Q: 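The structure under discussion is supplied below as structure tokens; questions concerning it will follow.
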Amino acid sequence: MEILAITQHSLKQGEVYNLKGKLIRHEGKLTLQSAEPSESHTTTIKGIKSVYDFDPNFYQVSVAGRLVSLRSMGKAIFGHLQDATGRIQIYIKKDIVGDDKFQAFDTLFDVGDIIGVEGKLFRTSTGELTVEVNDFKMLAKSLRPLPEKWHGLRDVELRYRQRYLDLISNEKARKITLLRSRLLSEIRRFLDERGFLEVETPILQPIASGANAKPFITYHNYLEQNLYLRIAPELYLKRLIVGGFNRVYELGKNFRNEGVDTTHNPEFTMLEFYCAYWDYRDLIKFTEELFSHLLTKLLGTFQISYQGVTLDFTPPYRVVKYFDLLKEKTGKEKDFFLRDIDGLRKLAVEIGVPKAETLTHAKLLDKVFDLLVEDELTGPVFVIDFPKILSPLAKTHREDADLVERFELFVAGKEIANAYTELNDPIEQRNRFLEQLKEKEMGDEEAMQMDEDFITALEHGMPPTAGEGVGIDRLVMLLADVDSIREVILFPALRQR
RNA sequence: GAGCCGGUAGCUCAGUCCGGUAGAGCAACGGACUUUUAAUCCGUGGGUCGCGGGUUCAAAUCCCGCCCGGCUCACCA
């Protein structure tokens with residue numbers, strides 16, 4: 001009888017082992033060896049339940065999972081097995097499994113153990129689907145107790161540091177994990193079906209560019225040079241457009257060496273996709289289609305509730321111009337914000353922009369917009385036609401040389417997506433980078449870096465292209481209705497203990 | 001980086017204001033119980049009160065410093 005797996009070591013008769021405070025004496029009656037999981041244990045609990053609903057004649061099952069509850073009645077034992085998909089009750093009767101096995105289960109099996117059972121499905125008097133067990137197997141012994149069965153694991157720090165316990169004991173953590181996984185696969189499916197090619201570009205980059213952020217620096221011993229963890233894949237994805245792949249996307253991590261809070265983690269997941277021969281207006285429509293697809297597949301509705309506010313994602317979304325928003329708030333025209341730097345600085349000081357005296361023009365404008373407008377963009381709303389000084393990689397607006405063809409999608413005051421018609425003029429791109437270098441000299445640490453190789457690529461000709469980035473973590477937060485990014489990242493950044 | 005809040009048994013939490021033998025529930029351990037489901041009933045064990053210092057006859061409790069976490073702000077478009 002192969003019941004208990006303690007370790008790979010064989011136990012001598014009479015030897016005493018301490019399991020979770022329980023002293024186990026090996027009497028020689030049990031063969032204590034690690035049991036192999038059988039293939040039939042790979043079905044999910046949810047799968048078993050749905051097959052039974054479909055075909056009640058299906059009743060002989062074999063299922064494995066973590067034992068999460070136990071109720072011993074003397075000569076019968078009830079318990080629940082759990083996997084990521086659900087729970088199923090098991091019923092072990094002395095009459096059925098025999099005295100020895102019943103005794104073994106009663107003394108050796110604990111809540112937390114991973115076990116396999118075989119038996120018949122039936123419904124109890126209360127109607128709960130249950131496995132009447134005729135054989136069982138220890139698959140992995142748990143030496144430590146599970147968190148409290150009723151309250152689960154509440155300690156936020158422990159939930160993050162030992163996420164596996166959170167996943168075992170908190171339904172919501174499992175739901176978010178599944179939601180995130182389905183979101184990623186639906187994004188891939190949507191893009192794949194529309195001819196986009198999934199690619200992988202370098203995470204270790206000699207120049208960290210493509211966004212305004214401080215990078216993590218590392219050193220390559222063999223190349224004898226510094227490398228940066230990417231802050232964005234943008235400039236590499238555009239090289240692929242130059243190379244002739246007209247629809248590409250990358251779904252992966254970016255890294256930014258900055259503060260950690262409820263909406264920022266040093267590594268976070270971005271979707272970036274590029275399509276040749278499109279412009280930013282095509283992307284507005286495409287973004288609405290993408291979100292419609294995701295909401296239909298994941299939530300089955302266009303109305304979502306986020307932190308007590310109902311958001312309506314029925315397209316078309318509101319579209320509003322960047323400077324119209326500022327005018328609404330201040331009564332001032334675009335020229336004021338772009339030409340009257342002293343006036344803008346005065347305004348910034350008035351509304352309480354910190355360090356307004358020392359910020360560069362671009363930073364000032366950005367801060368003022370943030371403070372006055374951003375929080376009120378409940379959305380979903382496309383803010384379009386950004387100032388050029390904030391957008392070094394976007395193409396100049398066809399109707400206004402002060403602006404670029406760019407939008408950001410705001411939902412619940414958060415930026416969810418950022419897109420533009422891409423700047424594909426190598427000469428103008430060089431000048432824009434040079435402007436960024438000036439910003440850097442004026443104290444903007446996050447100003448973008450010049451990438452000569454990228455300009456060389458543009459010099460070979462990049463077709464007119466539109467590109468977009470979507471913050472996946474924030475999107476999951478929205479869909480899961482949680483207010484901290486750490487709830488949607490399985491292992492968020494924490495200080496080492 | 002600043003402010004506020006928190007850290008007590010494996011887990012969920014009381015106890016801190018107002019100093020006087022460290023508590024409950026779950027889990028564990030022993031026992032009863034063949035349809036229970038937060039099972040129930042009887043019994044037992046379990047603590048570096050985050051860490052270090054100070055005040056005091058006496059500190060989980062008061063004071064100081066530090067560590068870890070949460071929230072808000074700053075930073076980060």
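On a predicted model such as this, the values are computed, not experimentally measured, just so you know. Below, read A as the first sequence line, B as the second, and so on, with proteins coming before strands; counting in each chain starts at 1.
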Q: Can you tell me the Watson-Crick or wobble partner of rA2(B), both distances under 3.5 angstrom?
A: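 rU72(B) - that is the nucleotide pairing with rA2(B), both distances being under 3.5 Å.
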Q: What integer distance in Å separates R123(A):CZ from rU35(B):C1'?
A: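 In whole Å, rU35(B) C1' and R123(A) CZ are 15 Å from each other.
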Q: Mind checking the P distance from rC26(B) to rG70(B)? Whole angstroms is fine.
A: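 That atom pair is separated by 31 Å.
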Q: Pull out every residue in residues 68-92 of chain A that has a heavy atom closer than 4.0 Å to any atom of RNA chain B, ordered by number, or say none.
A: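 Hits under 4.0 Å, by residue number: R71(A), S72(A), M73(A), G74(A), K75(A), A76(A), F78(A), H80(A), Q89(A), Y91(A).
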Q: Starting at CG of D483(A) and ending at C1' of rG70(B), how long is that distance when rounded to a whole Å?
A: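 It is 11 Å, rounded to the nearest whole Å.
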Q: Students often get this wrong, so: under 4.0 angstrom with heavy atoms, is K94(A) touching a base, only sugar-phosphate, or nothing?
A: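 Nothing, no nucleic acid heavy atom in range.
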Q: Is there a side-chain contact between R486(A) and the phosphate of rG70(B), meaning an N or O under 4.0 Å from OP1 or OP2?
A: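 So the side-chain polar atoms of R486(A) do come within 4.0 Å of the phosphate oxygens OP1 or OP2 of rG70(B), strictly under.
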Q: Whole angstroms only, please: what is the CG-P distance between L129(A) and rU36(B)?
A: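 It is 17 Å, rounded to the nearest whole Å.
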Q: Phosphate oxygens OP1/OP2 of rG69(B): is one of them under 4.0 Å from a side-chain N or O of R161(A)?
A: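 Yes, R161(A) has a side-chain N/O under 4.0 Å of OP1/OP2 on rG69(B).
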Q: Here's a test of your reading of the structure: between A213(A) and G352(A), which maps to the more 5' nucleotide of RNA chain B?
A: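 Mapping each residue to its closest nucleotide by heavy atoms, the 5'-most match is G352(A).
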Q: On a whole-Å scale, what distance lies between the C1' atoms belonging to rU12(B) and rG7(B)?
A: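 Looking at atom C1' only, rU12(B) and rG7(B) are 14 Å apart.
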Q: Please evaluate the base of rA77(B) for a donor-acceptor partner in the side chain of N212(A) within a cut-off of under 3.5 Å?
A: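 Such a pair is found, so the answer is yes.
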Q: If the P atom of rG53(B) is compared with that of rA59(B), how far apart are they to the nearest Å?
A: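 Roughly 13 Å separates the two P atoms.
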Q: For the C1' atoms, the ones on rU36(B) and on rG10(B), what distance do you get once it is rounded to whole angstrom?
A: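 Here rU36(B) and rG10(B) have their C1' atoms 26 Å from each other.
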Q: Mind checking K214(A) for me? I need base, sugar-phosphate or nothing, with any heavy atom below 4.0 Å counting as a touch.
A: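 Counting heavy atoms under 4.0 Å across all strands, no contact is made by K214(A).
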Q: For the pair F216(A) and F255(A), name the ring-plane relationship: parallel under 30°, tilted 30 to 60°, perpendicular over 60°.
A: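 Perpendicular.
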Q: Taking the C1' atom of each, how far is rA9(B) from rA24(B), in whole Å?
A: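 Roughly 11 Å separates the two C1' atoms.
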Q: When you measure from the side chain of L494(A), which nucleotide among rA77(B), rC75(B), rG70(B) comes out closest?
A: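 For L494(A), the side-chain atoms sit closest to rG70(B).
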Q: Is any NZ, NE, NH1 or NH2 atom of the basic residue among K367(A) and E374(A) found under 4.0 Å from an Asp or Glu carboxylate oxygen of the other?
A: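 A salt bridge is absent here (no side-chain N lies under 4.0 Å from a carboxylate O).
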Q: Would you indicate what E408(A) reaches in the nucleic acid, counting non-hydrogen atoms under 4.0 angstrom: base, sugar-phosphate, or nothing?
A: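 Contact class for E408(A): none.
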Q: Parallel, tilted or perpendicular: which fits the ring planes of F382(A) and F407(A), with parallel below 30° and perpendicular above 60°?
A: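 It falls in the perpendicular class, over 60°.
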Q: Choose from rA38(B), rA77(B), rG69(B) the nucleotide whose nearest atom is closest to any side-chain atom of E415(A).
A: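 Of the options given, the side chain of E415(A) lies nearest rA77(B).
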Q: Please report the distance separating the P of rA22(B) from the corresponding atom of rG43(B), rounded so that it comes out in whole Å.
A: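 Here rA22(B) and rG43(B) have their P atoms 24 Å from each other.
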Q: Going by the side chain to side chain contact (heavy atoms under 4.5 Å, CB included) test, name the single residue among D279(A), T465(A), L393(A) that passes it with Y420(A).
A: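 Testing each of D279(A), T465(A), L393(A) against Y420(A), the sole residue satisfying side chain to side chain contact (heavy atoms under 4.5 Å, CB included) is L393(A).
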Q: Does the cation-pi check pass for K49(A) over Y52(A), that is, NZ or CZ under 6.0 Å from the six-membered ring centre and within 45° of its axis?
A: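 No cation-pi geometry.
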Q: With rounding to the closest Å, how many angstrom separate the P atoms on rA27(B) and rC68(B)?
A: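 Rounded to whole Å, the distance is 35 Å.
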Q: Look at all strands and tell whether F122(A) reaches a base, only sugar-phosphate, or nothing, counting heavy atoms closer than 4.0 Å.
A: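 Here F122(A) touches the bases of the nucleic acid.
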Q: To the nearest Å, give me how far apart CG (D106(A)) and P (rU34(B)) are.
A: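 One finds 12 Å between P of rU34(B) and CG of D106(A), rounded.
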Q: Take the protein atom CG of L393(A) and the nucleotide atom C1' of rA77(B), then report the distance between them rounded to whole Å.
A: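 Result: 14 Å.
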Q: Test the K101(A)-F136(A) pair against the cation-pi criterion, namely NZ or CZ under 6.0 angstrom from the six-membered ring centroid and within 45° of the ring axis.
A: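 Judged by the rule (NZ or CZ under 6.0 Å from the ring centre, within 45° of its axis), K101(A) counts as positioned above F136(A).
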Q: Do the side-chain N or O atoms of T262(A) get closer than 4.0 angstrom to the phosphate oxygens (OP1, OP2) of rU72(B)?
A: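 Answer is yes, contact under 4.0 Å.
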Q: Could you tell me the separation between the NE2 atom of H264(A) and the P atom of rG1(B), rounded to a whole number of Å?
A: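 Taking NE2 of H264(A) and P of rG1(B), I get 18 Å after rounding.
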Q: Within this structure, what is the CG-to-C1' distance between N265(A) and rC75(B), rounded to whole angstrom?
A: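 My rounded result for the distance is 16 Å.
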Q: With a 4.0 Å heavy-atom cut-off, tell me which residues in residues 382-391 of chain A come close to RNA chain B, sorted by residue number.
A: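 Correct list: L390(A).
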Q: Just the rounded figure in Å: distance from C1' of rU36(B) to CD of E132(A).
A: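 It works out to 14 Å between those atoms.
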Q: Roughly how many Å apart are rG52(B) and rA60(B), using the P atom of each and rounding to a whole number?
A: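 It comes out at 13 Å once rounded to the nearest Å.
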Q: What is the minimum heavy-atom distance between Q307(A) and D483(A), and which atoms define it?
A: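 Shortest heavy-atom separation between Q307(A) and D483(A) comes out as OE1-CB, 3.5 Å.
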Q: Using a 4.0 Å heavy-atom cut-off, write out nucleotides 3-16 of chain B from 5' to 3' as B (base contacted by protein), S (sugar-phosphate only) or - (no contact).
A: -------SBSS---
Q: Fit a plane to each ring of Y280(A) and H397(A), take the angle between them on a 0 to 90° scale, and name the class: parallel (under 30°), tilted (30 to 60°) or perpendicular (over 60°).
A: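 Perpendicular: the ring planes of Y280(A) and H397(A) meet at over 60°.
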Q: Hey, is the main chain of W150(A) close enough, under 3.5 Å, to the side chain of E148(A) for a donor-acceptor pair?
A: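 Such a contact is found between E148(A) side chain and W150(A) backbone.
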